[in-house]
Amino acid sequence: MSNLAQDVAKLARIDLPDDEAEATQANLEKVLNYVQQLESVQLPDDIEPFFGAIESVNAIRVDQTQPSFAREEILSNAPDSDGQFYKVPQVFE
Amino acid sequence: MSQTQEATETTQSQRDAVTDADVTLIVGLEVHVQLDTQSKLFCNCSTAYGADANTQTCPVCTGMPGTLPVINEQALKLAIKTGLALNCEIANYTKWDRKNYFYPDLPKGYQISQFDKPICGAGHLTIADPKGAFETRAIQIERAHLEEDAGKSIHDESGAKKPTKIDLNRTGTPLLEIVTKPDLRSAEEAKAFLTELKLILTYIGVSDCNMQEGSLRCDGNVNLHINVDGQKVATPIVEIKNLNSFRAAERAIGYEAERQLRVWKKDGLGIGEAPKQTRGWDVANQKTTPSREKEGAADYRYFPDPDLIAVVTTDQEIAAIGATIAHLPSALRTDLMENYGLEAYDTEVIVSQGAGVVAYYESVADFLTKSASGSKSPGKTASNWVAQEVLRYLNEQSCEVGDYPVSGEQLGELLVRISKGDFDQTRGKDVLAQMVENALDLDAAIEKLGIKAVDANEIQSLCQQLIDENPAVIEQIREGKGKAIGSLIGKARKLNPNINPNVVKENLLKQIGI
């Protein structure tokens, strides 16, 4: 867990200064250690894994199209666009 | 891929001694198929290809906070149908997971996919080579899962570091990712697998499989198992991305096999001693090149998507979907070979064209078989005509068999007339051309060409004329040069296009006295 905070920061594309990294690391470790108590619970072998808090299933819709949003409206949420496309900085250097 | 064996230390002289016979190519494929739905996987936006950029999006597929995805019923059905056609176990319980990564064409910051409970489990697809280059083999399928597509990035290639442009129309389009076990042993087998998979998907109508439009995309995992003095050494696995044609897949895998052997002979690095690499296929230079991508292994941090609940499908529902699969190519091949006596090659020509051509062929062959025409091999005759005449027309006109102007029964009737000796094959093709070009029925086409049965007396006098006018040729025939008779038949055809060459030949020989 030595670089946990920096690893998570990297995955989240966040710059984490060294002075904050230490405290963040300690916090994350505390959270993980707390949750890890669950692993000590002994379960019978035939228990199915639990994937979510909602027990209902099959929320399904019919395959039908509806009008999409106007491009102008959708692109108005973008930091930058040319009226047709979203514009983003180049990913590769 | 699941190779986990430790690499074995090898010396340069051991590596130099390795020959092609010591090397086994190991290939697994991941194929993304766009399912043929009207709307996207989790929202009602259209999936139609070719619309103006960013005109088919909404708050759900652009990942706005507070929106909720709802699964498309048709996408589920098409996924199950595909799984059944690939002999997969279908899950009664399937769920959705988030695959987390940042990329500008993935607006939510995660892709909704399936991790540990995919809709389709283990299955297999059988590949064969009609030319016999490899053995018929069942290629194991590991799983097939549903997921949403990402958007499209248009990178600036000018070098001016202009912004990348993003079109999110494709975002949320339903994909089925089909993953094979590392079962394929050659580039040819990989191509055969893709060809057969595409054929099956087309037959069952789950995807248009249009590779230009990205409806079928393929990645390959490739490495080598090398026998070094009885020890198996594996080379590092390379993933080749975006093989966007079957030809590219075949070439790239073949190239990669050679490259890995070359590199290993030099550096001796085995699996686990070098990181898994991603490479792309460079069509222009016909080689694989390392992909531009971030360093470090991907960490997708899958977890169950809390916005979606599980889907439960009963065995009855699965069976009902299975009942919508009419014919699979493998069953049709068996039918054509057993019921019509076709060889594997001729069968493939028909079956590879799709269910419509198979049905057309069957109507021609059935008509010819049922009529008491005396045709010795009606199945083969029908396949010759369908393969040469009908398919050529469809190819030239770029149209479907449903657009072919002559019905299967009419073509069958034409073949009956030829078989009965009303006219010969060459004349028969003229008749068919009339039927196609002028939309005539069989009798009208025959009448238009002025074809009438030539009676025995006419043939006798025609033969006598040929004998009288061509003493040199007759001499050759008498000397045993059987082929010389061909020139007489050509002359006979010029004198009367309606004669049956076989009848003329028989009469000529009789009148010459052979």
Side-chain angles (χ1 to χ4, degrees), chain A residues 1-16 28 31-32 35-36 38 46-93, chain B residues 37-40 42-48 52-59 61-62 64 70-77 93 95 97 100-105 107 116-117 151 153-156 161-169 292-293 296 299 301 304-306 308-313:
Chain A
M1 263 196 247
S2 58
N3 281 317
L4 179 66
Q6 288 296 1
D7 289 349
V8 172
K10 203 173 166 190
L11 287 168
R13 302 286 187 278
I14 293 169
D15 277 329
L16 188 63
L28 281 174
V31 172
L32 286 177
V35 175
Q36 258 163 8
L38 286 171
D46 58 352
I47 292 281
E48 283 288 311
F50 175 75
F51 299 112
I54 303 166
E55 285 186 9
S56 65
V57 293
N58 293 5
I60 292 169
R61 47 169 265 273
V62 175
D63 179 29
Q64 273 172 353
T65 56
Q66 277 174 15
S68 292
F69 273 47
R71 177 159 71 188
E72 198 179 17
E73 198 177 348
I74 282 287
L75 289 178
S76 68
N77 292 302
D80 194 8
S81 88
D82 63 4
Q84 288 183 298
F85 293 93
Y86 296 85
K87 283 164 72 180
V88 300
Q90 280 210 347
V91 175
F92 298 107
E93 294 303 318
Chain B
T37 59
Q38 299 296 309
S39 64
K40 292 185 179 181
F42 296 112
C43 67
N44 294 93
C45 288
S46 168
T47 56
D52 285 345
N54 295 305
T55 56
Q56 289 173 178
T57 69
C58 72
C61 57
T62 54
M64 292 297 152
V70 186
I71 184 80
N72 180 335
E73 180 184 35
Q74 183 67 4
L76 282 171
K77 284 185 174 170
Y93 179 98
K95 75 177 210 353
D97 301 277
N100 299 281
Y101 65 94
F102 282 116
Y103 202 81
D105 60 21
D116 56 346
K117 294 277 179 187
S153 298
I154 302 158
H155 300 290
D156 174 43
K161 297 200 173 179
K162 286 183 194 155
T164 295
K165 298 200 281 186
I166 310 281
D167 174 9
L168 296 183
N169 280 350
R292 297 188 296 175
E293 62 168 30
D299 181 359
R301 294 150 293 148
D305 191 321
L308 285 156
I309 54 179
V311 173
V312 170
T313 313

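Below, chain A is the first sequence line, B the second, and so on; all start at residue 1.
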Which donor-acceptor pairs under 3.5 Å do the side chains of residues 62-69 of chain A make with protein atoms, sequence neighbours left out?
| residue | atom | partner | partner atom | Å |
| --- | --- | --- | --- | --- |
| Asp63(A) | OD1 | Gln38(B) | N | 3.3 |
| Asp63(A) | OD1 | Ser39(B) | N | 2.8 |
| Asp63(A) | OD1 | Ser39(B) | OG | 2.6 |
| Asp63(A) | OD1 | Asn72(B) | ND2 | 3.0 |
| Asp63(A) | OD2 | Gln38(B) | N | 2.9 |

Could you check which of [options] has the highest count of heavy-atom pairs closer than 4.5 Å to chain A?
options                                   : value
Thr55(B), Ile309(B), Asp116(B)            : Ile309(B)
Pro306(B), Ala53(B), Cys58(B), Pro304(B)  : Ala53(B)
Leu168(B), Ile166(B), Asp52(B), Asp105(B) : Ile166(B)
Gln56(B), Gln74(B), Lys95(B)              : Lys95(B)

query = What's the shortest heavy-atom distance between Val88(A) and Pro104(B), and which atoms?
reply =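 For Val88(A) versus Pro104(B), the nearest heavy atoms are CG2-CB, 3.8 Å.
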For the atom pair [atom1] ([X]) and [atom2] ([Y]), what is the distance rounded to the nearest 0.5 Å?
X         : Y        : atom1 : atom2 : result
Asp167(B) : Arg71(A) : CG    : CZ    : 9.0 Å
Glu72(A)  : Asn54(B) : CD    : CG    : 13.0 Å
Thr57(B)  : Ile74(A) : OG1   : CD1   : 4.0 Å
Lys165(B) : Gln84(A) : NZ    : CD    : 6.5 Å

What part of [X] gets closer than 4.5 Å to chain B, counting heavy atoms only: side chain, backbone, both or neither?
X        : value
Asp80(A) : neither
Ser81(A) : neither
Asp7(A)  : neither

Can you confirm whether [X] sits close enough to [Y] that some side-chain heavy atom of one is under 4.5 Å from a side-chain heavy atom of the other?
X         : Y         : answer
Val311(B) : Val57(A)  : no
Leu11(A)  : Asp299(B) : yes
Asp156(B) : Gln90(A)  : yes

inquiry  = Determine whether a donor-acceptor pair (N or O, by modelled atom type, separation under 3.5 Å) exists between the side chain of Arg61(A) and the backbone of Cys43(B).
reply    =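 Pair found, side chain donor or acceptor close to backbone of Cys43(B).
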ask   = Considering only heavy atoms, which portion of Pro163(B) lies under 4.5 Å from any heavy atom of chain A: side chain, backbone, both, or neither?
value = both
key: Toward chain A, the part of Pro107(B) with a non-hydrogen atom under 4.5 Å   = neither
